[in-house]
Amino acid sequence: MTDERYDPAEVEPRWQAYWQEHDTFRTDEEKEPRFYILDMFPYPSGSGLHVGHPEGYTATDIVARYHRAKGHGVLHPMGWDAFGLPAEQYAIKTGTHPRDTTQKNIDTFRRQLKMLGFSYDWSREVDTTDPSYVRWTQWIFLKLFERGLAYQNEIAVNWCPALGTVLANEEVVGGLSERGQHPVVRKPLRQWVLKITEYSDRLLAGLEGVEWPKSTETMQREWIGRSEGAEVHFPLVDAEGELSVFTTRPDTLFGATFMVVAPEHESVAKITTDAQREAVTAYVAEAANKSDLDRKTAKQKTGVFTGGYATNPVNGAKVPIWIADYVLMGYGTGAIMAVPAHDERDFEFAKTFDIPIVEVVSKTGKASSAPLESAMAGEGVAVNSGAYDGLSTAEFKTRIIANLEAKGQGKGRVETKLRDWVFSRQRYWGEPFPIYFPVDTDGDPRAGADYAIRYDEPIAVPESELPVRLPELDDFRPGEDPAGVLARAKDWRFFQQDGKWFARETNTMPQWAGSCWYYLRYLSPHNDEAIFDAEQAERWLPVSLYVGGAEHAVLHLLYARFWHMVLYDAGVVSVPEPFGKLVHQGMILGEVEYTTQAGDKLAAADVKKNADGNFVLEADGSTPVTARAYKMSKSRGNVLNPDDVVERFGADSMRVYEMFMGPLEATKPWSTSSIGGVRRFLDRVYASVLRAEPVEADEALMKLAHRTIQKVTGDIEALRFNTAISAMMVLTNALVRAEHVPAEIASMLVRLVHPFAPHLAEECWLKLGHEPSVQFADWPEFDPALCVDDEVEVPVQVNGKLRGKLMLAKDASEETALSAARELGGVARQLEGKTLRKVIWVPGRILNLIVG
RNA sequence: GCGAGGAUGGCGGAAUUGGUAGACGCGCUGGAUUUAGGAUCCAGUGGGCUUUGCUCGUGCGGGUUCGAUUCCCGCUCCUCGCACCA
C-alpha cells in the first residue's frame, strides 16, 4: 500500500470530471461575506494557453478555494475576450470565418483551463462575440450616445493601410502598428469618439479609494496628465486677432521672448508675412510628412520664423512668432509662449536661433550677473517682472491669473494629456455600432444608385432591436473604403423605413469595448431582460480581487473605469469604482540561457562564476559567458506549452511550481528541473497520507502543524504563496520523518494543500476516509496557544558577534540569561580577562555583551 | 532624460516596528537501495583558513547604532513604464 505512487494522469481528470458532474464550484449566493475574485479574461489566440496565463489564474484559484473552504461566498468566473485582429487576419488568409476560428480557440482554452483544475463557475462563462453579449455592449454604447459622450469627428487618425483600419495612439509604437509592425500614417477620417476627457477629474479622484499597485496608480495619473495653468491671449501686431497660449507658468510671462505655434496651427497662414511665406510653407510640408518616429528621434530643434509678431499683454513687448514641430497641435492651444530662461526646450531653441534669454525667476531673489548656462525650470522668486518682483512663484501665479482675467487677457485653465478616445475601427470582427443615418438617394443604393449619407444626423437603433448583428461576409479583406469592411455588405448596410432610405454605421468597435464591462456580465450572463440583475450587482460589486498583467495598467483599466463611471451616473451600477484590490502577476521568462559572446548556447555545467562574480567557461576561465533569461517568444524558441508540462508533471505540480517560483508580482525565469522538486513534495504529501494512523500527535508535531496553519492562512490572505508552500513543505518533511503519521495532522495538511494542489488534495481526502469534496471541508483553525514556544533559542553575542546560543524560557530574566551565557564555552572565552561594560538584553530575542 | 521597482550562495528565492543572514526548493557532493535508472531514501553543501575554532560575507562607497540585508547620504548596474504635454 505505502509504495503506491501518486499518478496525476489518472487522478486529475477523474476529479475534474467529479467537479463538473457535481457542480462543485457553482456560485453560492447566500453565503457571507462575499468575495468577487476576478481574472483578466484571455484573448483566445490560436496558440493556446502559455505558461504565463496560469500564474495569475492559479493565484486567484487559491484565493477562491480558500474562501469557499472558509464558508464565504465566492464569485469566480471566466470568459473570453474574443473579438480581435488575429482571427480576422487568419480569415483573410484562409477564408475561415472569424467566428469558426474563435470558437475553436475558445474550446482549446477552455479545455486547457479545465485541465489545470481551476474552480471557475463555468455556468457564468461569457464570450464577448456572442450576440447575447454584443447586445449589451451596444446597449452601453447607446447610454454613452444618449448622454452626449459619444460623438463623431473628422480627425487625423492613425490609418494603417496594411490592416485597413484606424489604430488608437496606444496601438501605434514608433510609427508602426503594435500588432504586425505595419507602417501607420496620419489621415483625417470620420470617427466615433468617446468623451473620456469629461471624466478625467473623476478618473483621477477615484484612484484615491482603490487598493492598487502604486506604479499603476502613478501610470494612470500620468496618462491623464492633469496640469493647472493659464490661457493667455497675445494680440497679433500686424494681423487681426490674437494668439492664445497655455502655460503652467504664467509667472514667467515677463520672460517670454518669443512664441511658437505648431506647424498645423490654424493661424499659421495669417501670421506669416510674405517674406517668410516660402520658408514657412516648406517647413509645414516637411513636418506633415514626418512620422511620429522621426519627430521623436530628432535631436536638434528645428523651426522657422513666421515674420509675424504678437504683443505680450503684461509688458507690451513685441515678441516674434516662430513655427516649430516641438510644439504639438494636440495639447493646449497648439501654441506656446517661449520662456527660454525657464524651460529647457525653449532654452535649446533660443540657443539654436540666437533669441534673447531673459531671466525672470531666481532662487536667490536677485537676477544672475552672468548669462544663464541652462534653463532654470524650478520655482523661486520673481525678478525682472515689474511690479511682481519679489513674489514667490505660487503667489505670482495666483495674482497674475486674477489680473489677466480682470483685463480679459486670459484666464486660469486646466489641461490634460488625456485625449478623447477614438472608438471606431474599420474592421469586420468587432461589435457593430447601434447607429444608422438618413440617406439621400433617388434610387436603391444597394443596386448602385447614387447616394449621400447624412453622417451629421446619427440615429440610435432602438433598444428592442439590439443586437445589431454582423453581416455574413466571405471576404474580410480591408478595402480602400475608409468606411470599413462592413461598407461592402450593401444589403446589410442600407434599409428602407417608411419609404426612406437609411444606412447603418459600418465602423466597428475596438477590442476594448467587450473587455470594458465583462466583469458586470458575469453577474447574470443569461439575463435577457437587463444587462445584469441589480440584486446580483448589489451582492458582488465591487470586485474584491482583480489579477492580471501590468500591460493593462493604463488602457484597459482606464477605459473600464470610465465606462463604469458612466454606468454609475446612469444609475446602472451603484458603486463608483469597479475594482477594489488589483494585483499584477509578474512575467514568467524562459529558462536561463548561457551563451558565449559569439552566441553559442552552453549547458549550465560548462559554466562557472569567477572571482569577480562574472560567468566564464568552466574549461577556460578567461572566456566570458552571458547568463540571462529572456522573455518567451516564438522566435527565440523558448516558449513552454502547458499541455507538455501537465503531461510530464501533472497540473498540480505546475500550479504549485508557478506559485513557488517567487513572489506573485515578480518577474521570474522558468526552471524545468525545479518543478521536479515540487512534484517530489506532492508525492511526499501523498505518501504521508497513505501512512496516516489514528494516533495522537506528539506536542512538537502538533505545534508545528498549528504554526503551519497560521502561516499558510496568513500567507494566502496576503498572496504570499511561495512562503505558504515552503511552510507546507516543512510540515510534510516532518511527517515523512515521523515514526507515525497522525491522521489528524494529515487531515490538516491536506486541507492546507487543497487550494494549491486540488486534485491531490481530493484524492488524499478520500484516502483519509472523508466524503468528497475537500472543498467543503472546514478550513483548519489554529490554536494561538500552540503557535508560541515556552522555550526559545536566544543568540548570545559578545561585542556584536555571535558566540553562542541559549535555550531559555520565553520570559526568562536578564539575570538568568546572563549567568547561563557565562557558562557557554564560546562566550566565556571571549569574556576572559576583559571587563563587562554593558549588557543589551532584548527578552526572547538577543543577549549582547559589550566588553573592553 | 523623467518616473517606478530591483540587486542576498552555482540557481529561484527566505528573513525588514534594526536582533542567529541564507528558510524552502533546484543543482552539486558522498552514501544506501537497485540488473539499471534522469526512480526513491539518508547525509552534507556561502567563501576562505592554521577547521573543538577563527574570519570574511546581502551590488559599490560612506554614516547612524551595542547591533544594519533592514534606517540615512552618495554612486553603479539591471528591469519596466513614459518620453518635446508648454
Side-chain angles (χ1 to χ4, degrees), chain A residues 3 5 213-219 221-223 225 227 229 245-249 252 260 295-296 298 301 324-328 330-339 342-346 348-349 377 415-419 550-551 553-554 586-587 591-592 604-605 607-609 611 613 615 627-629 657 660-663 665-678 680-681 683-684 687 720 722-730 732-733 736-737 793-805 825-826 829 837-840 842 844-851:
Chain A
D3 52 359
R5 283 289 307 280
K214 234 190 89 195
S215 58
T216 301
E217 267 184 52
T218 307
M219 279 164 75
R221 278 210 181 83
E222 288 178 355
W223 189 265
S227 54
V245 301
F246 172 71
T247 176
T248 54
R249 293 296 300 274
T252 62
V260 186
R295 275 203 185 193
K296 274 176 190 161
K301 291 263 180 300
D325 64 5
Y326 83 92
V327 171
L328 310 172
Y331 186 77
T333 62
I336 62 161
M337 61 174 213
V339 184
H342 305 290
D343 182 284
E344 274 175 45
R345 298 150 300 179
D346 298 346
E348 205 186 310
F349 193 83
E415 262 302 308
T416 58
K417 285 195 235 177
L418 183 67
R419 301 268 71 97
E551 66 273 20
V554 177
M587 200 191 315
E591 294 235 17
V592 173
V607 170
K608 63 176 177 185
K609 218 174 200 181
F615 281 99
R628 241 198 93 155
Y657 172 63
F660 187 59
M661 291 171 85
E665 301 90 336
T667 302
K668 29 201 185 269
W670 185 268
S671 160
T672 296
S673 63
S674 289
I675 312 180
V678 165
R680 274 190 284 282
F681 158 61
D683 283 342
R684 285 199 294 270
R720 287 186 304 242
N722 53 332
T723 48
I725 293 164
S726 164
M728 291 187 287
M729 285 173 167
V730 171
T732 305
N733 290 345
V736 167
R737 273 182 225 113
E793 191 187 62
V794 177
V796 181
Q797 298 179 339
V798 178
N799 286 345
K801 287 189 175 162
L802 183 70
R803 298 297 175 183
K805 292 167 187 178
R829 248 197 314 281
R837 306 234 181 248
K838 194 174 173 187
V839 176
I840 314 268
V842 183
R845 299 303 290 271
I846 197 142
L847 178 65
N848 190 4
L849 308 177
I850 311 303
V851 301

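Every chain is numbered from 1, with letters handed out A, B, ... down the list of sequences. The basis for the numbers below is simple: all heavy atoms, side chains too, and nothing from hydrogens, waters or symmetry mates.
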Worksheet item: What is the ring orientation for A/F349 with A/Y326, classed by angle as parallel under 30°, tilted 30 to 60°, or perpendicular over 60°?
Response: tilted

In this structure, how many angstroms lie between the [atom2] atom of [N] and the [atom1] atom of [X], rounded?
{"X": "A/N799", "N": "B/rU55", "atom1": "CG", "atom2": "P", "value": "11 Å"}
{"X": "A/I336", "N": "B/rC84", "atom1": "CD1", "atom2": "P", "value": "14 Å"}
{"X": "A/E344", "N": "B/rG1", "atom1": "CD", "atom2": "C1'", "value": "8 Å"}
{"X": "A/M587", "N": "B/rG5", "atom1": "CE", "atom2": "C1'", "value": "14 Å"}
{"X": "A/F615", "N": "B/rC11", "atom1": "CZ", "atom2": "P", "value": "5 Å"}
{"X": "A/E222", "N": "B/rC2", "atom1": "CD", "atom2": "C1'", "value": "8 Å"}
{"X": "A/L328", "N": "B/rA83", "atom1": "CG", "atom2": "C1'", "value": "11 Å"}

Over all atoms of both residues, closest heavy-atom pair of [X] and [Y]:
{"X": "A/M219", "Y": "A/A553", "value": "CE-CB, 3.9 Å"}
{"X": "A/Y657", "Y": "A/S674", "value": "CE1-CB, 3.5 Å"}
{"X": "A/V794", "Y": "A/L847", "value": "CG1-N, 4.0 Å"}
{"X": "A/V592", "Y": "A/P669", "value": "CG2-CB, 4.1 Å"}
{"X": "A/V327", "Y": "A/V260", "value": "CG2-CG1, 3.5 Å"}

Classify the nucleic acid contact of [X] as base, sugar-phosphate or nothing, counting any heavy atom under 4.0 Å across all strands shown.
{"X": "A/S227", "value": "sugar-phosphate"}
{"X": "A/I850", "value": "sugar-phosphate"}
{"X": "A/R680", "value": "sugar-phosphate"}

[X] side chain vs [Y] backbone, donor-acceptor pair below 3.5 Å:
{"X": "A/K668", "Y": "A/A666", "value": "yes"}
{"X": "A/N848", "Y": "A/G800", "value": "yes"}
{"X": "A/N722", "Y": "A/M661", "value": "no"}

Response to the item:
Those residues at least two apart in sequence (or on a different chain) that pass salt bridge (Lys or Arg N to Asp or Glu O under 4.0 Å) with A/R803 are none

For [N] and [M], measure between their [atom1] atoms and round to the nearest Å.
{"N": "B/rC24", "M": "B/rU33", "atom1": "C1'", "answer": "27 Å"}
{"N": "B/rU8", "M": "B/rA23", "atom1": "P", "answer": "16 Å"}
{"N": "B/rG57", "M": "B/rG63", "atom1": "P", "answer": "14 Å"}
{"N": "B/rA14", "M": "B/rU64", "atom1": "P", "answer": "32 Å"}
{"N": "B/rG46", "M": "B/rG13", "atom1": "C1'", "answer": "15 Å"}
{"N": "B/rC66", "M": "B/rG12", "atom1": "P", "answer": "37 Å"}
{"N": "B/rG59", "M": "B/rU70", "atom1": "P", "answer": "8 Å"}
{"N": "B/rA39", "M": "B/rC54", "atom1": "P", "answer": "40 Å"}

Worksheet item: With a 3.5 Å cut-off and no angle check, do the side chains of A/T672 and A/E591 form a donor-acceptor pair?
Response: yes

Polar pairs (N or O, both sides) under 3.5 Å between protein and nucleotides 29-34 of chain B?
none

Worksheet item: When rounded to the nearest 0.5 angstrom, what distance separates CZ in A/R845 from CD in A/E793?
Response: 13.0 Å

Worksheet entry | Rounded distance (nearest 0.5 Å) linking atom CD of A/E415 with atom OG1 of A/T247 | 11.5 Å

Response to the item:
Taking pairs as Watson-Crick (N1-N3 plus N6-O4 or O6-N4) or G-U wobble (N1-O2 and O6-N3), each distance under 3.5 Å, the stems of three or more consecutive pairs with RNA chain B are B:1-7 with B:76-82, B:10-12 with B:24-26, B:27-32 with B:40-45, B:46-49 with B:53-56, B:59-63 with B:71-75

Worksheet item: When you check the glycosidic angle of B/rG12, does it come out syn, meaning within 90° of 0, or anti?
Response: anti

Worksheet item: In terms of the nearest nucleotide of RNA chain B, which residue is placed more toward the 5' end: A/F681 or A/A335?
Response: A/F681

Worksheet, complete the sentence: Taking for A/Y657 and for A/G676 the nucleotide of RNA chain B with the nearest heavy atom, the one nearer the 5' end belongs to A/Y657

Item to complete: Look at atom CD of A/E551 and say whether more than 12 heavy atoms of other residues, nucleotides or ligands are closer to it than 6.0 Å.
Response: yes

Discussion item. Base contacts versus sugar-phosphate-only contacts with protein, heavy atoms under 4.0 Å: please encode nucleotides 42-49 of chain B as B, S and - from 5' to 3'.
Written reply: --------

Discussion item. Return a single string for nucleotides 14-24 of chain B, one symbol per nucleotide in 5' to 3' order, where B is base contact, S is sugar-phosphate-only contact and - is none, cutoff 4.0 angstrom on heavy atoms.
Written reply: S----BB--BB

Fill in: Partners meeting side chain to side chain donor-acceptor pair (under 3.5 Å) with A/T416 (sequence neighbours left out)
none

Fill in: A/K214 side-chain proximity, nearest of B/rC26, B/rU79, B/rG5
B/rG5

